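Just so you know, these numbers come straight off a predicted model, no measurement behind them. Basis for what follows: all heavy atoms, side chains included, without hydrogens, waters or symmetry-related copies. Letters A, B, ... are given to chains in the order of the sequence lines, protein chains preceding strands, and every chain is numbered from 1.
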There are 4 protein chains.
Amino acid sequence: MSVPPNPHRRSEASRRAILEAALRLCIESGYGQLTIEGIAASAGVSKKTIYRWWPSKGAVVLEALDDLATTVVDYPDTGDLVVDLRTQLTAVIALLSPADRSAVVGLIAEALQNADLAHELRERLIAPRIAQFKERMRRAQLEGQIATDADLDIAVDLLYGPLYHRLVFHLGMPDSRQLGELIEHALRALNTAPRSGETSATMPPAPHARH
Amino acid sequence: MSVPPNPHRRSEASRRAILEAALRLCIESGYGQLTIEGIAASAGVSKKTIYRWWPSKGAVVLEALDDLATTVVDYPDTGDLVVDLRTQLTAVIALLSPADRSAVVGLIAEALQNADLAHELRERLIAPRIAQFKERMRRAQLEGQIATDADLDIAVDLLYGPLYHRLVFHLGMPDSRQLGELIEHALRALNTAPRSGETSATMPPAPHARH
Amino acid sequence: MSVPPNPHRRSEASRRAILEAALRLCIESGYGQLTIEGIAASAGVSKKTIYRWWPSKGAVVLEALDDLATTVVDYPDTGDLVVDLRTQLTAVIALLSPADRSAVVGLIAEALQNADLAHELRERLIAPRIAQFKERMRRAQLEGQIATDADLDIAVDLLYGPLYHRLVFHLGMPDSRQLGELIEHALRALNTAPRSGETSATMPPAPHARH
Amino acid sequence: MSVPPNPHRRSEASRRAILEAALRLCIESGYGQLTIEGIAASAGVSKKTIYRWWPSKGAVVLEALDDLATTVVDYPDTGDLVVDLRTQLTAVIALLSPADRSAVVGLIAEALQNADLAHELRERLIAPRIAQFKERMRRAQLEGQIATDADLDIAVDLLYGPLYHRLVFHLGMPDSRQLGELIEHALRALNTAPRSGETSATMPPAPHARH
DNA sequence: AAGTAAACGAGACGGTACGTCGGGTCTTTTC
DNA sequence: GAAAAGACCCGACGTACCGTCTCGTTTACTT
């Protein structure tokens, strides 16, 4: 239907102004107060220009975050996996706090109701980071820090899942001690997994509990 | 200034009509399309009546879900913990699917941006279910199915966390096999936890060193 | 349909409180800001009680004014017609000023759009005063101050009309000098009218104007 | 704060549709039933567009009437003043009848409670017509039909005043005979006025003393 | 004096319209 | 030909009063 505009003629200045305004307003007043009108006014840009290049305010914020993130370094690798996980999880927690000012949380909220945005969010921001995480875990496997056959998808679930459960229900982000225990539990679960083939559909032996 | 209305005079018929209309519309068109005007029209009720008793459309949906849930039974207890967890987690997954039609997901999205609603959501819907879950787990401890000193808060994190991480980033809900592995890993992590006092800040025993 | 309430059981205290509140609010904030809800709240009375006895807020204000007016004396009669007219017209002007605070002006505004109220207004407030005016004029005729065959309906038009023309278009109420000239012109018109029978459809001789 | 909109960009089509809808609805159902929402719906226009250009529904109707009136001709001048006055007064009466359907009456009612609207009404609709009337009277003075020193402000009072007194109290508009007598009385009052300097503060000459 | 029917205060209710906000589209003008 | 400026239609917002309608609670007339 609508012919996509020619990207060659795009004004880089406008693009930057829009992304910066979006982030600034988001931090100042929270994602919920963010409006296309507000971004346009604050960036000295016409609403049309925003609509020409982005499908929604979520897409603008996503791109703004993506721009920030491209400059971000790789997953930390000090050689000590526990330390690196703790560093990285702490960084994620920082991005999600405080919930009512965090651009990422706003994006998550909108993505929950907007499948297109969710797709973009996953592909551009999340998937690359999950890949980095798995790479780091694979290095840990090579170095014998975790089992070579540990299921890395489950590692993602166990390590990152708790943050989002706590986020969506405002259960409070884990403090340092809780974070340590989470990491410990997750790694132990990965390391004590039965060898492939011997999957027990029911229960692993409870090593200590009986009598 | 604004006096809270007198609950004795409240019309139960209107209350019911509103909650039913809210749920119906939510299922029909998705939480994102839900409006106070739409609920009022569909319930044959004036907007004022909704605003008189609820602070936001999220609060209406929350109460509607709460009403549904009060009739809901306890946490399943067949005696087999793994079976019960699987049953319960499957039920939760059903409540969250499909994401763009689920009232719960809509509520979560709004709660992410609305602290008051988040508070209500946690206290009225989530906390009671977490308590039920912990009770079930405690019974399992008494019956020797899991370690008596297993940390039940971490159990919540490990078992429920993954669902919400997958939900918010549209990573796909776990299928039956994945669910089994998640439960297995979580329980193993809880059962292999070091005895209190012997917390190792660094690493669980290497998997191969187990026997 | 609706049975009219029994006036014997009517609460005089409520009636008074309502009328006083109506007048007070009208003076404080203007007729335009007046609401049934406001009157009820201010009078410490239920809305139902107002609706039981009056059909509209205009009717309330009308009765309030009527109550005031019953205590008012007759048309002035000092023996000097011009003085009395000036006194009376000045009083009317006072009742209509300032336009945005005057209860009478508010009533007039509402009556313009509400035929029932207009009828009540005319019958209860205006007609009696017109009758008093005509009585006074008839006495003046008997005393030879104005022509015995002067048309008193036209006297009403000429003396009171100008006030309302000026009122509705905010042309400014006549000051003392203008008032004197208006009275003079009106009386002269009445006194110089051709005797009955000699009505000239066109023009009276212009006594002075020619050359 | 609120920047006035740029008139150059204004949509003439919307303006016309709004004014026409306003007049149409006013005639169909009366000014009292007129609402901004109704005008917007009937004109196929957004409420915002109305609020952007007019401060109140009265202002819309006023402009609609003004638009009509700009095409209206001058005060009639057949050479016979009495005929012309009768023609003009009859036209005014037509504009004010029936009171509950007349846009002008609705406007008057609102202007009584809204000083801004009253100001606009006077300046844009009434003052020009009063000026035209005075011009016609001045021509009559030049032609010797009325006294050269007749007070034209008082002429306005005597000729137009009665209509509005009768209007606001629903006393009934003058019929043809009454109209003739009013005109006759008014002209006689103007023509018999004492010469400047000989103002009698008290009484006009008694009628019988005339010749 | 007790019984009872009404008018009463309180205020919730279904409505209608208010005036505002932001979304997304469109046109006009400028660079 | 992209961009700024911003008017436009649209739909929902949350509020204010409307006039109606229960609720208990006085109040004042029966009996």
Next on the checklist: Rounded to whole Å, how long is the line connecting atom CD1 of Ile50(B) with atom C1' of dG15(E)?
Outcome noted: 13 Å
Checklist entry - Is Arg10(C) atom CZ crowded by more than 12 heavy atoms from other residues, nucleotides or ligands, each under 6.0 Å away? => result yes
Item to check | Flag side-chain contact, heavy atom, 4.5 Å: Ile108(A) against Leu96(A) | outcome: yes
Checklist outcome for this item: Rounded to whole Å, the CG-P distance (Asn6(B) to dG9(E)) equals 18 Å
Checklist entry - Considering heavy-atom distances to DNA chain E, does Lys57(A) or Arg52(B) have its closest nucleotide positioned more toward the 5' end? => result Arg52(B)
Next on the checklist: Looking at Trp53(D), I'd like to know if the NZ or CZ of Arg15(D) sits under 6.0 Å from its six-membered ring centre while staying within 45 degrees of the ring's axis.
Outcome noted: no
Item to check | Distance test, side-chain N/O of Ser11(B) to OP1/OP2 of dT22(F), below 4.0 Å | outcome: no
Checklist entry - Quick one: is Ser14(B) getting a side-chain N or O under 4.0 Å of the dA12(E) phosphate, OP1 or OP2? => result no
Item to check | Euclidean distance, atom OH of residue Tyr51(B) to atom P of dA12(F) [Å, nearest integer] | outcome: 11 Å
Checklist entry - Tell me: CD of Glu110(C) to P of dC18(F), nearest whole Å? => result 10 Å
Next on the checklist: Taking any heavy-atom pair under 4.0 Å as a contact, classify Trp53(B): base, sugar-phosphate, or nothing.
Outcome noted: sugar-phosphate
Item to check | Note, Asn114(D) side chain near Ser56(D) side chain (heavy atom, < 4.5 Å) | outcome: yes
Checklist outcome for this item: From NE2 of His8(C) across to P of dA7(E) the rounded distance in Å is 11 Å
Next on the checklist: Could you tell me how far apart Glu12(B) (CD) and dA12(E) (P) are, to the nearest whole angstrom?
Outcome noted: 16 Å
What's touching nucleotides 25-28 of chain F from the protein side, N or O pairs under 3.5 Å?
| from | atom 1 | to | atom 2 | distance (Å) |
| --- | --- | --- | --- | --- |
| dA28(F) | N3 | Arg9(C) | NH2 | 3.3 |

Next on the checklist: Any side-chain N or O of Thr49(C) below 4.0 angstrom from OP1/OP2 of dG9(E)?
Outcome noted: yes
Checklist entry - Any side-chain heavy atom of Asp100(C) sitting closer than 4.5 Å to one from Val105(C)? => result no
Checklist entry - Which parts of residues 33-48 of chain C get close to DNA chain F, meaning a heavy atom less than 4.0 angstrom away? => result Thr35(C), Ile36(C), Glu37(C), Lys47(C), Lys48(C)
Item to check | Side-chain heavy atoms of Val61(B) within contact of Val104(B), under 4.5 Å | outcome: no
Checklist entry - Could you give the CZ-to-C1' distance, from Arg15(A) to dA2(F), as a whole number of Å? => result 16 Å
Item to check | More than 12 heavy atoms from other groups under 6.0 Å of CZ on Arg24(D) | outcome: yes
Item to check | Side-chain heavy atoms of His170(D) within contact of His119(C), under 4.5 Å | outcome: no
Item to check | Heavy-atom side-chain proximity of Trp54(C) to Leu19(C) below 4.5 angstrom | outcome: yes
